[in-house]
Amino acid sequence: VQLQASGGGLVQAGGSLRLSCAASRGSIRYISMAWFRQAPGKEREFVAVISWDAHNTFYADSVKGRFAISRDNAKNTVYLQMNSLKAEDTAVYFCAGDDSHGSIWYRAPPQSNFDWWGQGTQVTVSS
């Protein structure tokens with residue numbers, strides 16, 4: 001599976017963006033999908049994850065209530081709706097897929113669980 005993230009850009013604080021992660025060369029229908037991000041000078045961190053059937057999600061505390069992850073398996077695409085953006089949300093956002101570690105989370109899944117990664121899309125929030 002190849003993943004292509006898009007939808008990043010420059011937005012003012014308080015604004016919204018929707019990121020997309022389109023899959024090709026395979027189906028993500030039965031794959032848990034997640035978003036991670038990496039800010040300048042920082043390690044990549046977990047943002048959100050969604051189960052293959054969209055019944056389960058889990059968010060980082062820093063984005064809970066502002067971001068929403070969703071998916072459209074018919075379109076082989078995962079989304080991240082980002083609202084009330086803050087300057088600290090500035091980062092490169094990556095989508096990732098995991099087909100072997102279950103679909104219920106009580107804590108952020110480790111990056112090592114994810115076998116497929118997109119190339120990243122830049123989100124810049126101006127304050």
Side-chain angles (χ1 to χ4, degrees):
V1 175
Q2 288 189 340
L3 303 175
Q4 177 80 32
S6 62
L10 174 64
V11 63
Q12 288 188 333
S16 298
L17 278 176
R18 189 177 81 155
L19 305 183
S20 298
C21 175
S24 60
R25 299 193 178 187
S27 173
I28 61 168
R29 181 174 295 276
Y30 298 110
I31 295 176
S32 296
M33 297 294 297
W35 288 94
F36 290 81
R37 67 186 181 185
Q38 186 167 20
K42 295 187 177 181
E43 294 185 354
R44 190 162 56 187
E45 64 176 7
F46 168 80
V47 174
V49 63
I50 187 168
S51 60
W52 67 272
D53 57 1
H55 287 179
N56 298 309
T57 59
F58 188 86
Y59 295 90
D61 287 343
S62 58
V63 306
K64 200 174 297 181
R66 299 188 298 121
F67 290 11
I69 188 171
S70 61
R71 65 191 299 157
D72 185 338
N73 286 340
K75 295 183 178 179
N76 226 18
T77 301
V78 177
Y79 305 97
L80 184 69
Q81 178 67 43
M82 305 186 296
N83 300 325
S84 301
L85 281 162
K86 305 175 182 179
E88 50 263 45
D89 294 319
T90 294
V92 177
Y93 284 72
F94 301 88
C95 56
D98 167 25
D99 71 346
S100 59
H101 292 89
S103 59
I104 298 176
W105 305 274
Y106 300 101
R107 61 178 62 87
Q111 296 181 42
S112 57
N113 282 5
F114 294 85
D115 301 303
W116 300 283
W117 291 85
Q119 87 292 354
T121 185
Q122 176 70 47
V123 172
T124 303
V125 183
S126 63
S127 56

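Quick caveat, the model's predicted, so the values are computed rather than measured. In this chain, residues are counted from 1 in sequence order.
For Ser103 (side chain) and Ser51 (main-chain N/O), no donor-acceptor pair under 3.5 Å exists by modelled atom type. Asn73 contributes no side-chain N or O that, together with a main-chain N or O of Asn76, makes up a donor-acceptor pair within less than 3.5 Å. Within the 3.5 Å criterion, the main-chain N or O of Val125 finds a donor-acceptor partner in the side chain of Thr90. Side chain of Arg44 to backbone of Ala39: no donor-acceptor contact under 3.5 angstrom is found. In this structure, Asp115 contributes its side chain and Val1 its backbone to no donor-acceptor pair below 3.5 Å. A donor-acceptor pair is defined here as one N or O able to donate and one able to accept, closer than 3.5 Å; such a pair exists between the side chain of Thr77 and the backbone of Lys75. Judged by distance alone, the side chain of Thr121 and the main-chain N or O of Gly8 form a donor-acceptor pair under 3.5 Å.
One finds the CG atom of Leu85 at 12.5 Å from the OG atom of Ser127 (value rounded to the nearest 0.5 Å). Annotation: the span from Gln2 atom CD to Arg25 atom CZ amounts to 4.5 Å, rounded to 0.5 Å. Separating the CG atom in Asp99 from the OG atom in Ser27 is a distance of 11.0 Å, to the nearest 0.5 Å. Ser70 OG to Leu80 CG: the interatomic distance, rounded to the nearest 0.5 Å, is 8.0 Å. Atom-to-atom distance recorded for Asp98:CG and Ser112:OG is 9.0 Å, nearest 0.5 angstrom. Note that CD of Gln119 is 9.0 Å distant from CG of Leu3, once rounded to the nearest 0.5 Å.
Under the salt bridge (charged side-chain N to carboxylate O under 4.0 Å, His left out) criterion, Arg66 pairs with Asp89, sequence neighbours left out.
The local environment of NZ in Lys42 is sparse, with at most 12 non-hydrogen atoms from other residues, nucleotides or ligands closer than 6.0 Å.
Using a 3.5 Å distance cut-off with no hydrogens or angles, the side chains of Asn83 and Ser16 do pair a donor with an acceptor. Between the side chains of Ser6 and Gln4, no donor-acceptor pair of N or O atoms lies under 3.5 Å. Under the 3.5 Å distance criterion, with hydrogens and angles disregarded, no donor-acceptor pair is assigned to the side chains of Asn113 and Gln111.
Connection of Tyr79 to Trp35 is not established within any shared hydrophobic cluster, with ILVMFWY side chains joined at heavy-atom distances below 4.5 Å, either directly or through further cluster members. Cluster annotation: Ile50 is connected to Phe67 through the hydrophobic network of ILVMFWY side chains, with a link wherever side-chain heavy atoms come within less than 4.5 Å. The same ILVMFWY cluster, assembled from side-chain heavy atoms under 4.5 Å apart, contains both Phe46 and Val92.
Residues Arg37 and Ala91 share a closest heavy-atom pair of CB-CB, 3.8 Å. Summarising the geometry of Ile28 relative to Arg71, their closest heavy-atom pair is O-NH2, 2.5 Å, with the distance given to 0.1 Å. Taking every heavy atom of both residues into account, Ala68 and Tyr59 meet most closely at CA-OH, 3.3 Å.
For residues 83-123, the pairs satisfying ring pair (Phe, Tyr, Trp, His ring centres under 6.0 Å) are Phe36-Phe114, Phe36-Trp117, with sequence neighbours left out. Within the structure, disulfide bond (SG atoms under 2.5 Å apart) contacts touching residues 56-89 (residues at least two apart or in different chains) do not occur.
Residues Phe58 and Val49 form a side-chain contact, since some pair of their non-hydrogen atoms from C-beta on lies under 4.5 Å apart. Side chains of Thr124 and Val11 form no contact here, defined as non-hydrogen atoms less than 4.5 Å apart.
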